[in-house]
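See structure below.
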Amino acid sequence: MGKNDFLTPKAIANRIKAKGLQKLRWYCQMCQKQCRDENGFKCHCMSESHQRQMEVFGQNPTRVIDGYTEEFETTFLDHLKRSHRFSRIAATVVYNEYIADRHHVHMNSTEWATLTDFVKHLGRTGKCKVEETPKGWFMTYIDCDSETLFKERLKNKRVKSDMAEEEKQERTIRRQIERAEQSMPLSTIEEGQKEGDEAEKLLVPKLEGGKIAFALGSSSKPATKENGERSTSKVVFDEVEVDKVEKKGKGSDALSKGGGGSSALDEVMKEQEKAKERNNRKDYWLCEGIIVKVMSKALAQKGYYKQKAQVVKVIDKYVGELQMLDTKHILRVDQEELETVIPQIGGLVKIVNGAYRGSNARLLKVDTDKFSAKVQIEKGIYDGRVLQAVDYEDICKIAQ
């Protein structure tokens, strides 16, 4: 067996040493050869093969460097996309994972001298979201694939069509209200108002001999005796309340009979509200710009359980891309493992489901027994409308 044969101890030892990563300064990118020490690198530089490669490099150095630069950037972004596509990660962590492959394109053969310069380049070109923190540079991959952009355009198109449909329904409601008001005769309204006024006049107190007496019509007389004043006054007040209830009922019956247009209006409004609720009640509720709480127990080990996050992007209606408020990490979570957040009274909320889906509102009151809230819509076509009882699941805090 020869001195440098494949199975000699020295050859085996050399292969074991060459298996791991070596120092970057002793690597020749043109020859793709890694040397273990300075003496080996010096001998390699004096070799004939290296000299030929350097002659090729000297003929067009810019083209060679640009080729290595493009290859390094492409492979680095591919690794970032595969390993940390939706995460905010330190640049040094990604770089250490990338250079674990001993056949990677080394940075000393590119136009960037340091990792910081390369990270800044990615931020300037819009390929990554870059942040400088006391712990170093952090980066988040920006997905610019054609498929993602196509889905985003489809989503925007659906949102616009939903808004146009809502406005169309509102215009239909207004036309129906105007037609009902025009078709309702004025004489019926005036008769109903007169009957209501007469019913109220019967309950107005009159002064007789310095004492208060109540006119109860022909069937009752004013109480003027002082003896047994408590018992008579009690009876009088009971009769007054009974008469008041009866006459109010008659007045409302007269209004409902005479002003048939108002009851028809109420029916139209109720039907439109029900139709709006049916159309806007969906099985998905996530939208961008709201604050949610992560309720996935599978993420408890990583410290995300019951932590709040902002919805940055909605993917396929049911999956949210979240940015954690504390750590700024980015992750994807299904809406089944998320929960809406209720702000303090006076805070802004977004109605994420139901008849007024997509509207911004201000929280006025919270009913903890019925798990509902009272809100007032702000801006838009429903500006100023107060909703008395909206479920917790239908409203969510807006990120500010």
Side-chain angles (χ1 to χ4, degrees), residues 21 71-101 104-105 107 110 112 114-152 155 284-341 396-400:
L21 289 173
E71 187 178 354
F72 177 82
E73 182 179 351
T74 303
T75 52
F76 187 91
L77 288 176
D78 287 342
H79 173 76
L80 179 62
K81 179 181 177 180
R82 288 193 306 269
S83 303
H84 311 284
R85 187 170 186 174
F86 305 105
S87 302
R88 177 177 174 269
I89 192 77
T92 53
V93 174
V94 184
Y95 181 72
N96 289 332
E97 292 176 355
Y98 171 72
I99 65 174
D101 180 15
H104 70 278
V105 178
M107 187 177 285
T110 66
W112 302 294
T114 61
L115 179 62
T116 301
D117 295 338
F118 176 62
V119 171
K120 290 180 179 179
H121 164 75
L122 294 179
R124 284 194 303 269
T125 54
K127 296 175 181 176
C128 290
K129 181 181 177 183
V130 175
E131 300 175 58
E132 185 179 10
T133 66
K135 295 183 179 180
W137 287 90
F138 280 77
M139 56 197 307
T140 307
Y141 181 73
I142 298 175
D143 197 348
C144 298
D145 292 345
S146 58
E147 183 180 354
T148 306
L149 296 175
F150 178 70
K151 289 181 179 179
E152 194 72 22
K155 176 193 169 186
Y284 55 90
W285 54 270
L286 281 178
C287 58
E288 297 179 3
I290 60 174
I291 302 296
V292 295
K293 185 183 289 186
V294 179
M295 302 303 292
S296 174
K297 293 184 179 179
L299 299 174
Q301 296 179 352
K302 297 183 179 180
Y304 298 136
Y305 183 59
K306 289 190 176 180
Q307 297 298 315
K308 294 179 181 178
Q310 179 181 347
V311 179
V312 179
K313 184 167 48 171
V314 180
I315 302 167
D316 295 335
K317 298 181 182 179
Y318 299 94
V319 180
E321 185 173 319
L322 312 179
Q323 182 178 19
M324 306 304 297
L325 297 184
D326 296 336
T327 61
K328 302 298 182 183
H329 291 172
I330 296 189
L331 60 153
R332 279 187 178 182
V333 184
D334 191 87
Q335 72 169 8
E336 295 294 331
E337 297 177 334
L338 299 175
E339 190 178 81
T340 58
V341 175
C396 192
K397 181 179 178 182
I398 296 177
Q400 294 180 353

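Note that this is a predicted model, so its numbers are computed, not measured.
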Atom [atom1] in [X], atom [atom2] in [Y]: separation rounded to 0.5 Å?
{"X": "M107", "Y": "I99", "atom1": "CE", "atom2": "CD1", "answer": "9.0 Å"}
{"X": "T140", "Y": "R88", "atom1": "OG1", "atom2": "CZ", "answer": "6.5 Å"}
{"X": "E321", "Y": "I315", "atom1": "CD", "atom2": "CD1", "answer": "5.0 Å"}
{"X": "K129", "Y": "M139", "atom1": "NZ", "atom2": "CE", "answer": "13.0 Å"}
{"X": "L77", "Y": "T125", "atom1": "CG", "atom2": "OG1", "answer": "8.0 Å"}
{"X": "E337", "Y": "K293", "atom1": "CD", "atom2": "NZ", "answer": "15.5 Å"}

>> Against V319, only a single residue in D334, V333, L286, L338 fulfils side chain to side chain contact (heavy atoms under 4.5 Å, CB included); can you say which?
In response: D334
> Does some side-chain heavy atom of V94 sit less than 4.5 Å from a side-chain heavy atom of F76?
Replying inline: yes
> Hey, does V294 have a side-chain heavy atom less than 4.5 Å from the side chain of L331?
Replying inline: no
>> Is there a ring-ring contact (aromatic ring centres under 6.0 Å, His included) between F72 and F118? Walk through the geometry before answering.
In response: CA-CA 10 Å; F72 177 82; F118 176 62; 5.1 Å; yes
Taking all non-hydrogen atoms of both residues into account, name the closest pair between [X] and [Y] and its distance.
{"X": "A309", "Y": "L322", "answer": "CB-CB, 3.9 Å"}
{"X": "Y141", "Y": "C128", "answer": "CA-SG, 4.2 Å"}
{"X": "V311", "Y": "V314", "answer": "CG1-CG2, 4.0 Å"}
{"X": "I142", "Y": "G126", "answer": "CD1-O, 3.6 Å"}

> Should the ring pair H121 and W112 be called parallel, tilted or perpendicular, given that the plane angle runs from 0 to 90° and is split at 30 and 60?
Replying inline: tilted
>> Between D78 and Y98, is the side-chain contact (heavy atoms from CB on, under 4.5 Å) condition met? List the steps.
In response: CA-CA 10 Å; D78 287 342; Y98 171 72; over 6 Å; no
> After noting the C-alpha distance and the side-chain angles of E73 and K127, does the key distance pass the side-chain contact (heavy atoms from CB on, under 4.5 Å) rule?
Replying inline: CA-CA 10 Å; E73 182 179 351; K127 296 175 181 176; 2.4 Å; yes
> Can K120 and V130 be said to form a side-chain contact (heavy atoms from CB on, under 4.5 Å), step by step?
Replying inline: CA-CA 7 Å; K120 290 180 179 179; V130 175; 5.9 Å; no
> salt bridge (charged side-chain N to carboxylate O under 4.0 Å, His left out) between K328 and E131: does it pass, once the steps are laid out?
Replying inline: CA-CA 11 Å; K328 302 298 182 183; E131 300 175 58; over 6 Å; no
>> Test side-chain contact (heavy atoms from CB on, under 4.5 Å) on T340 and I290; report intermediate values, then the result.
In response: CA-CA 9 Å; T340 58; I290 60 174; over 6 Å; no
> Got a sec, which residues hit side-chain contact (heavy atoms from CB on, under 4.5 Å) with E97, two or more places apart in sequence or on another chain?
Replying inline: H79, S83, H84, V93
>> Filter on ring-ring contact (aromatic ring centres under 6.0 Å, His included), then keep only pairs touching residues 285-314, sequence neighbours left out; what's left?
In response: none
> Can you name the residues that form a side chain to side chain donor-acceptor pair (under 3.5 Å) with Y318, not counting sequence neighbours?
Replying inline: D283
